[in-house]
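Take a look at the structure set out below.
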Amino acid sequence: MNTRDLFLQSKRYTTKWEKYFDVYDGIFDRFKHKKITFVEVGVLNGESLQMWKKYFHPDSKIIGIDFNPECKKFEKDGIEIFIGDQSDEDFWDNFFKKVGKVDILLDDGGHTNTQQIITTLKSLPNITDDGILMIEDTHTSYMQEFGNPNKYSFINFTKKIIDDVNFKYPNLGNFNISFNDYVYSIQFFESIVVFHIN
């Protein structure tokens, strides 16, 4: 079953942009029949975690992360919930120390520049080879209520990673902070950025 159909079967109200479902299915399809570790930042009412539980292999580990301690009540049916601030580097260090490397991390969390950038910085080294980091709602890089536009937006940050990936070619130079040992390609969709890890 595709993600759109699973979403429409949701028992509780949750939000996803219609345009995201084709991206989900195109990127995640190859993982559907594998036992993976899937993490979603942003739990809300737990309904999207239920969707992912049905979408992926039944033995996959499904994990949610949220700032709101109330979200712990959605920890059932084999779904784990971690409470923490995605803009806190220590939270991520502790999270990956407990969980280990993950196969897919989907960020549908707070959407500020700091939250998206720190999630990316801390996650890229902790995603398995051939894994995925997907950041949603990147249109916030252009919205005033998220402190944008500015040169430190998440989208501007990703543009620097394009340079970094290409600097993998020998003798071009080095960045002070480099992820080209992890990221081998980046895809840009409307409101979504996908990092392919290897």
Side-chain angles (χ1 to χ4, degrees), residues 1-88 91-92 94-96 98-100 102-112 115-116 118-120 122-123 126-128 131-141 143 145-146 154 187 189-195:
M1 190 172 291
N2 64 37
T3 54
R4 182 184 283 105
D5 291 342
L6 288 169
F7 177 81
L8 292 174
Q9 293 177 7
S10 297
K11 295 176 183 175
R12 294 184 294 267
Y13 174 78
T14 187
T15 57
K16 292 284 184 188
W17 291 103
E18 174 73 21
K19 59 196 167 193
Y20 289 0
F21 296 111
D22 288 340
V23 178
Y24 292 154
D25 291 328
I27 300 295
F28 296 155
D29 183 70
R30 65 187 171 92
F31 294 92
K32 280 178 75 171
H33 304 293
K34 299 177 182 176
K35 183 179 175 181
I36 65 165
T37 300
F38 175 91
V39 178
E40 182 170 26
V41 181
V43 171
L44 189 62
N45 60 19
E47 197 62 30
S48 64
L49 293 173
Q50 290 292 334
M51 178 182 82
W52 297 122
K53 184 75 176 166
K54 294 172 188 171
Y55 181 79
F56 292 112
H57 188 281
D59 293 328
S60 290
K61 183 184 285 189
I62 307 296
I63 299 171
I65 294 173
D66 205 283
F67 185 72
N68 181 1
E70 290 292 314
C71 289
K72 196 73 174 169
K73 67 186 176 187
F74 302 116
E75 190 172 64
K76 57 185 176 182
D77 303 325
I79 293 171
E80 274 187 274
I81 305 290
F82 285 78
I83 304 301
D85 180 355
Q86 73 178 116
S87 64
D88 180 355
F91 165 76
W92 285 113
N94 291 329
F95 174 79
F96 286 117
K98 289 176 186 172
V99 172
V102 304
D103 299 290
I104 299 173
L105 193 145
L106 172 62
D107 179 5
D108 186 19
H111 311 319
T112 68
Q115 288 169 322
Q116 291 176 335
I118 289 178
T119 297
T120 301
K122 300 306 285 186
S123 298
N126 290 292
I127 295 175
T128 58
I132 298 292
L133 171 62
M134 182 181 288
I135 310 292
E136 286 187 6
D137 298 338
T138 56
H139 53 264
T140 57
S141 283
M143 297 172 65
E145 54 262 49
F146 289 88
F154 176 74
Q187 286 178 285
F189 300 88
E190 183 188 345
S191 300
I192 291 177
V193 177
V194 179
F195 298 91

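Worth knowing before you read on, the calculation uses all heavy atoms, side chains too, and leaves out hydrogens, waters and symmetry mates. Remember, it's a predicted structure, so these values are computed and weren't measured experimentally.
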Quiz item: Taking atom types as modelled and ignoring hydrogens, do the side chains of Thr112 and Gln115 form a donor-acceptor contact shorter than 3.5 angstrom?
Solution: yes

Exercise. Go through the steps to decide whether Glu80 and Ile62 satisfy the test side chain to side chain contact (heavy atoms under 4.5 Å, CB included), and finish with yes or no.
Key: CA-CA 6 Å; Glu80 274 187 274; Ile62 307 296; over 6 Å; no

Exercise. Measure the shortest side-chain to side-chain distance between Gln116 and Val193 over non-hydrogen atoms and say whether it is less than 4.5 angstrom.
Key: no

Practice problem: Would you kindly say whether Ser48 and Glu40 are connected by a side-chain donor-acceptor distance under 3.5 Å? | Solution: yes

Exercise. Starting from the C-alpha separation in whole Å, work towards a yes-or-no answer on ring pair (Phe, Tyr, Trp, His ring centres under 6.0 Å) for Phe31 and Trp52.
Key: CA-CA 11 Å; Phe31 294 92; Trp52 297 122; over 10 Å; no

Self-check item: Pairwise side-chain contact, Val99 with Ile63, heavy-atom cut-off 4.5 Å (strictly under)
Solution: yes

Quiz item: Looking only at atom types and distance, does a side-chain atom of Asp85 sit under 3.5 Å from a main-chain N or O of Ser87, one as donor and one as acceptor?
Solution: yes

Quiz item: Is the closest side-chain heavy-atom distance between Tyr55 and Ser60 below 4.5 Å?
Solution: no

Quiz item: Would Asp107 and Gln86 satisfy side-chain hydrogen bond (donor to acceptor under 3.5 Å, both in side chains), going step by step from the backbone distance to the final call?
Solution: CA-CA 9 Å; Asp107 179 5; Gln86 73 178 116; 3.3 Å; yes

Quiz item: For the atom pair CZ (Phe91) and CZ (Phe67), what is the distance rounded to the nearest 0.5 Å?
Solution: 11.0 Å

Quiz prompt | Phe74 side chain near Asp66 side chain, heavy-atom distance below 4.5 Å | solution = no

Quiz item: Under 6.0 Å between the ring centres of Trp92 and Phe82?
Solution: no

Practice problem: Could you tell me the separation between the NE2 atom of His139 and the CD1 atom of Ile192, rounded to the nearest 0.5 Å? | Solution: 10.0 Å

Quiz item: Side-chain donor-acceptor pair under 3.5 Å between Tyr20 and Asp137, yes or no?
Solution: yes

Quiz item: Which distance, rounded to the nearest 0.5 Å, do you find between the CD1 of Ile81 and the CG of Leu49?
Solution: 5.0 Å

Exercise. Could you tell me whether the side chain of Ile65 reaches within less than 4.5 Å of the side chain of Val43, counting heavy atoms only?
Key: no

Exercise. Can you measure from CG (Leu105) to OG1 (Thr37) and round to the nearest 0.5 angstrom?
Key: 11.0 Å

Quiz item: Is any side-chain heavy atom of Phe195 less than 4.5 Å from a side-chain heavy atom of Met134?
Solution: no

Quiz item: Is it true that a side-chain atom of Asp103 and a backbone atom of Ile36 form a donor plus acceptor pair closer than 3.5 Å?
Solution: no

Quiz item: From Thr138 OG1 over to Phe189 CZ, what is the distance, rounded to the nearest 0.5 angstrom?
Solution: 11.0 Å

Quiz prompt | Taking every non-hydrogen atom, the tightest pair across His57 and His33 | solution = CD2-O, 3.6 Å

Self-check item: Neighbour count >12 (heavy atoms, 6.0 Å) for atom NZ, Lys35
Solution: no

Quiz prompt | Residue pair Leu133 / Ile135: nearest heavy atoms and the distance that separates them | solution = CD1-CD1, 3.8 Å

Quiz prompt | From Ile132 atom CD1 to Phe38 atom CZ, the distance as rounded to the nearest 0.5 Å | solution = 11.0 Å

Practice problem: Identify the heavy atoms of Phe146 and Gly110 that sit nearest to each other, and give their distance. | Solution: CE2-O, 3.5 Å

Quiz item: Backbone N or O of Lys122 within a donor-acceptor pair of the Asn126 side chain at under 3.5 Å?
Solution: yes

Quiz item: Do Leu106 and Glu136 have side chains that get closer than 4.5 Å, going by heavy atoms?
Solution: yes

